[in-house]
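Here the structure is laid out as C-alpha cells; the discussion comes afterwards.
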2 protein chains.
Amino acid sequence: MEHRIEKIKKQLHSHSYKLTPQREATVRVLLEREDDHLSAEDVYLLVKEKSPEIGLATVYRTLELLSELKIVDKINFGDGVSRYDLRKEGAKHFHHHLVCIECGSVEEIENDLLGEVEQIVENDWGFEVKDHRLTFHGICRQCQKSAVEEDVQKATQ
Amino acid sequence: MEHRIEKIKKQLHSHSYKLTPQREATVRVLLEREDDHLSAEDVYLLVKEKSPEIGLATVYRTLELLSELKIVDKINFGDGVSRYDLRKEGAKHFHHHLVCIECGSVEEIENDLLGEVEQIVENDWGFEVKDHRLTFHGICRQCQKSAVEEDVQKATQ
DNA sequence: CTAGTTGCAAAACGTTTGCAAAGGA
DNA sequence: TCCTTTGCAAACGTTTTGCAACTAG
C-alpha cells in the first residue's frame with residue numbers, strides 16, 4: 001500500500017506534479033477499492049468520507065491526471081459514465097471485462113487472451129497495436145444459476 | 001440499397017413501428033456512410049442536408065430504436081459521444097475496430113478473431129457470452145509511414 | 001517564493017423527456 | 001379513427017472551466 005503510494009508520488013514528481021493531500025486521498029480510495037470499477041462520483045463520495053473538504057472538480061482533475069500518466073485506466077461500459085480502474089503493477093496491457101447484462105456486475109480477467117490475435121492484426125492489417133479494450137457482454141455464473149432456479153420453481157408449482 | 005430499406009421496413013413493421021420519412025432519411029444516411037462511425041450529431045447534420053425539417057431528438061430516437069432492433073450497433077470509443085454503426089447483413093457478431101491514436105481514424109475488422117477466446121471465457125469463467133466489443137488502440141499503417149518519412153527528412157537535413 | 005493546485009459556481013456537453021401538434025396505417 | 005411519431009424547448013446528468021484563494025516543494 002504505502003510503497004505503491006510512494007511509487008505514484010515519484011511518477012507525479014517526474015512530470016513535475018505534486019502529490020497533494022487531495023490526490024493522495026483519491027489514490028488511497030482507488031487502492032482500497034481496486035477490484036471495483038468506480039465512477040468519478042463514486043470516488044468523490046468515498047474520498048469525501050475521509051476528506052470532506054474535497055471538491056468534485058478536484059476528483060475529476062486527479063482522475064484525468066492519473067489517466068494521462070497511465071496510472072489508472074479510464075473505461076466506459078456504455079452507461080453514460082466513465083469508470084476508473086487502477087492499473088495492476090507490471091500489467092503492460094489493459095485487462096478485460098465480463099459485463100453481465102442481467103445484473104450489471106463486472107468481473108475482471110487478467111489473462112492475456114489476445115497475444116495471438118494481436119499478431120494477426122499487426123501482420124494482416126499493418127496496425128501497430130499499443131493497447132486494447134475487450135469486453136464481453138453476457139450472463140454471469142450467478143445469474144445463470146438464478147435463471148435455472150426460477151425454471152425449477154415454475155415447473156414444481 | 002432499396003432492398004435493404006425494404007428489409008428494415010419489415011423489421012420495423014414486425015415490431016409495429018412505422019417507417020416514417022424521417023426514419024427512412026436517417027437509415028439512408030447510415031447506408032451511404034456505412035464505413036464511417038457517425039455520432040448522433042453527425043447523422044443529424046447529414047440528414048438535415050436532405051430533410052431540413054428533421055429535429056435532433058428524432059434522430060436520437062431513431063438511432064435508439066434501430067439499436068434496440070439490432071439494426072445498428074451503438075459503440076463508444078471513450079471520447080464522450082456514442083457512435084452508430086449499421087450492422088452488416090448476416091453478421092452474427094459485432095465487428096472489431098482499430099483506432100489510431102495519431103490521426104483518430106477508425107478501421108473495421110470483420111473476421112471473427114475471438115471464437116477461441118470466447119470458448120476459454122465460457123469454460124474457465126462460466127460466463128455465457130452474448131456479445132463482445134474489441135478495440136485496438138495503436139498506430140495505423142498511414143501514420144507509421146508518415147513517421148518514417150519524417151525521420152528520413154530529419155536525417156537528410 | 002511561486003508555479004501548480006484547490007473549491008466553488010457557472011457553463012458546457014451530449015442526451016433524454018414532456019407536450020401539443022401532425023401524420024401513417 | 002387511433003395510436004404512433006414528430007419538433008421544439010426545457011430538463012437532465014456528467015464533465016469541464018474560469019477564477020480568486022491557497023499551498024507543496
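What you see is a predicted model, and the numbers here were worked out from it, not measured in a lab. Proteins get letters first, then strands, A, B, ... in listed order; numbering begins at 1 in each.
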Tell me, please, which residues at least two apart from B:Gln22 pass side chain to side chain donor-acceptor pair (under 3.5 Å). none

Nucleic acid contacts - residues 36-49 of chain B versus DNA chain D, non-hydrogen atoms under 4.0 Å: none

Side-chain contact, heavy-atom cut-off 4.5 Å: B:Val29 with B:Leu38? yes

Quiz question: by atom type and distance under 3.5 Å, do the side chains of B:His132 and B:Glu118 form a donor-acceptor pair? yes

Partners of B:Leu56 by side-chain contact (heavy atoms from CB on, under 4.5 Å), sequence neighbours excluded? B:Tyr44, B:Tyr60

To the nearest angstrom, how far is A:Asp79 atom CG from D:dT14 atom C1'? 11 Å

Just how far, in rounded Å, is P of D:dT4 from CD of B:Glu68? 15 Å

Residue pair B:His37 / B:Glu108, side-chain donor-acceptor N/O under 3.5 Å: yes

List the residues meeting ring-ring contact (aromatic ring centres under 6.0 Å, His included) with A:His137, not counting sequence neighbours, and say none if there are none. none

Interatomic distance, B:His15 NE2 vs C:dA25 C1' [rounded to whole Å]: 18 Å

With the criterion being N/O to N/O and under 3.5 Å, what pairs connect the protein with nucleotides 23-25 of chain D, and how long is each?
residue	atom	partner	partner atom	Å
D:dA24	N3	A:Lys18	NZ	3.3

Interatomic distance where CZ belongs to A:Arg83 and C1' belongs to D:dT14 [whole Å]: 12 Å

What residues, two or more places apart in sequence or in another chain, satisfy side chain to side chain donor-acceptor pair (under 3.5 Å) together with B:Arg4? B:Glu34

Using 4.0 Å as the upper bound for N to carboxylate O, is an ion pair formed by A:Asp131 and A:Arg87? yes

Round to the nearest Å and state the distance from B:Glu24 atom CD to C:dG23 atom P. 17 Å

Restricting to side-chain contact (heavy atoms from CB on, under 4.5 Å), what partner residues turn up for B:Lys74, sequence neighbours left out? B:Glu64, B:Ser67, B:Ser82, B:Tyr84

Sequence neighbours excluded, the answer for side chain to side chain donor-acceptor pair (under 3.5 Å) partners of B:Ser39 is B:Asp42

Not counting sequence neighbours, list each pair that qualifies as a salt bridge (charged side-chain N to carboxylate O under 4.0 Å, His left out) and has a residue in residues 16-30 of chain B. B:Glu2-B:Arg28, B:Glu24-B:Arg28

note: B:Glu64, atom CD; C:dT16, atom C1'; distance rounded to Å ~ 10 Å

Verdict with reasoning, B:Glu128 to B:Lys130, per salt bridge (Lys or Arg N to Asp or Glu O under 4.0 Å): CA-CA 6 Å; B:Glu128 190 184 331; B:Lys130 295 283 188 188; 3.3 Å; yes

Linking Ile, Leu, Val, Met, Phe, Trp and Tyr through side-chain heavy atoms less than 4.5 Å apart, which residues share a cluster with A:Ile101? A:Ile139

Note the angle between the end axes of the helix from C:dC1-D:dG25 to C:dA25-D:dT1, five pairs defining each, rounded to 10 degrees. 40°

Where along residues 51-62 of chain B does a heavy atom come under 4.0 Å from DNA chain C, residue by residue in number order? B:Leu56, B:Ala57, B:Tyr60, B:Arg61

